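Being a predicted model, the structure only gives us computed values, none of them experimental. Note on naming: letters A, B, ... go to the chains in the order of the sequence lines (proteins, then strands), and numbering restarts at 1 for each one.
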Amino acid sequence: MRESLTTQATILITAASVTAELNGVNEIAKDMTLGVMNAKTISHRAGESAKGFQPITDYIEQVAREVAQSVVRISAGASVLSRLAVSYHHSGKLLTLYRRVLKDAEDAAHVASLVPVITILSQEAQKEQAHFVRDLEGLVRQLDAMKNTIRSSKVISTISRVEAANSDAFRKNLEVVADDLESSTEKIRERVQRCHHQLTDVITLVQREDVS
Amino acid sequence: MKSTSIYNEGHQWHVFARDPKKVDGIVDTNQYMIQSGDRTLLLDPGGVEVFASMLTAVLHHVRLEEITDLFASHQDPDIISSLGLWEQALPHARLHTPWVWEGFIRHFGSKKIQYVPIPDEGDTLDLNGLKLKFVPAHYLHASGNFHVYDAKAKILMSGDVGAALEEPGAPMFVEDFERHVDNMKLFHQRWMPSNRAKHDWICRVRELEIDILAPQHGRLFKGEDVQRFLDWFEALEVGLAIPEPASDTAEAELTAVASS
């Protein structure tokens with residue numbers, strides 16, 4: 001297995017980085033929830049003229065909740081990454097070590113007894129690699145789902161801007177709510193995109209390793 | 001890894017040591033192997049750093065499936081940290097080790113191997129008809145510690161007792177006992193904690209007929225050097241890292257305790 005130490009280091013760094021990005025997403029989702037409470041108060045005060053704004057605040061609340069739930073799920077998966085990285089690295093290292101012995105002991109009378117051991121280790125290393133890639137792909141799929149949620153909230157921020165225009169007295173306040181929503185979703189989108197890139201890079205790196 | 005046969009009459013003893021590929025800064029270790037028919041015992045098989053060299057050397061003598069038993073005299077990394085690597089090749093082997101260390105030795109990445117805890121009073125292993133005795137050597141230096149005695153070959157594998165920390169490439173056997181004392185004096189004074197444990201071991205071992213005393217570091221003792229070593233060790237004060245309190249200070253402390 002080539003560059004396995006570098007791969008392990010990359011995986012560990014990615015796990016830490018994804019966790020940090022998701023913590024950031026969580027903070028933004030919390031701010032969104034606070035913003036929604038503020039928007040609800042404003043639209044309540046605006047009464048009939050901001051009636052169209054009320055379902056929007058409910059929707060933003062739902063988005064913030066879904067984002068927070070996704071963050072919990074993906075963070076749990078990312079925290080397992082470090083453990084998987086160690087286990088994956090260990091299986092590859094064992095195989096390398098035993099192959100080295102096979103070469104060093106080529107003139108030994110009983111070297112053939114090593115071959116079945118190496119076959120088993122190779123099968124285990126391939127299984128470990130497939131398991132690891134499967135888990136990484138699962139995390140990427142969860143990030144994709146979060147990206148879809150965020151994409152729809154961008155549409156909502158546009159609609160909320162239209163609804164804000166209908167409420168003369170509170171127009172400015174409701175526009176601020178729409179601006180905040182837009183900015184929050186953009187920040188979340190950027191962070192999720194970075195996590196996505198990092199995880200897909202790790203998948204490529206792991207798949208490129210030959211453990212057969 | 002240098003391989004030396006030290007007994008070959010019906011069954012075989014090998015010592016593997018003086019590894020030229022050994023990483024700098026780690027102490028040299030002697031690993032032993034006893035072959036008895038289709039069963040083989042590895043004694044103190046070594047640390048992770050010597051595993052590859054050790055396995056390579058072993059394959060010159062036995063098939064992997066013939067290695068049925070491992071023995072760890074105690075829990076130190078230079079004794080058995082390679083366990084997690086060995087068990088990949090020996091999933092059906094058994095590890096004989098002092099009962100006190102099982103939970104600690106499992107930290108060396110061992111998941112599959114079967115543990116056979118040795119009780120404090122010792123035990124006997126039947127290796128294809130060859131009776132090997134696990135001789136208690138507690139506190140020499142570890143709190144749970146055993147040596148292995150082969151009455152037929154008259155060899156005592158003595159763990160850290162008799163050990164010497166020397167330059168790489170030292171001869172396999174002691175050639176001049178008096179000169180060798182310098183190589184082992186500090187080790188025994190500093191690593192062996194208890195004079196009482198030492199006397200207990202000396203009494204036990206003096207009852208055994210020993211042609212070769214085989215420590216885990218440094219040179220092996222044979223013939224008269226075995227008795228020379230026992231005499232020397234018996235007379236040596238050990239556990240010197242903690243100085244004895246001055247007698248007047250100790251007396252004053254006792255007086256203070258008595259009057260309080």
Original post:
Is E61(A) salt-bridged to K40(A), going by a charged N under 4.0 Å from an acidic O?
Top reply: yes
**OP:** Report yes if some heavy atom in the side chain of F134(B) is under 4.5 Å from a heavy atom in the side chain of V148(B); otherwise report no.
**Re:** yes
Subject >> Proximal component of L114(A), with respect to chain B [non-hydrogen, under 4.5 Å] >> reply: both
**OP:** Count the heavy atoms belonging to other residues, nucleotides or ligands that lie under 6.0 Å from NZ of K133(B), then report whether that count exceeds 12.
**Re:** no
**OP:** Go through V62(B), V58(B), L85(B) and name the one with the most non-hydrogen pairs under 4.5 angstrom from chain A.
**Re:** V62(B)
Original post:
Can you say whether E124(A) sits under 4.5 Å from chain B via the side chain, the backbone, both, or neither, judging by heavy atoms?
Top reply: side chain
Original post:
Is the gap between the ring centers of H14(B) and H61(B) under 6.0 Å?
Top reply: yes
Original post:
For chain B, which of S113(A), P116(A), A109(A) has the most heavy-atom pairs under 4.5 Å?
Top reply: S113(A)
Subject >> Among the listed options V111(A), I118(A), D107(A), the residue most often paired with chain B at heavy-atom distances under 4.5 Å >> reply: D107(A)
Original post:
Quick one: are Y98(A) and Q88(B) in side-chain contact, heavy atoms under 4.5 Å?
Top reply: yes
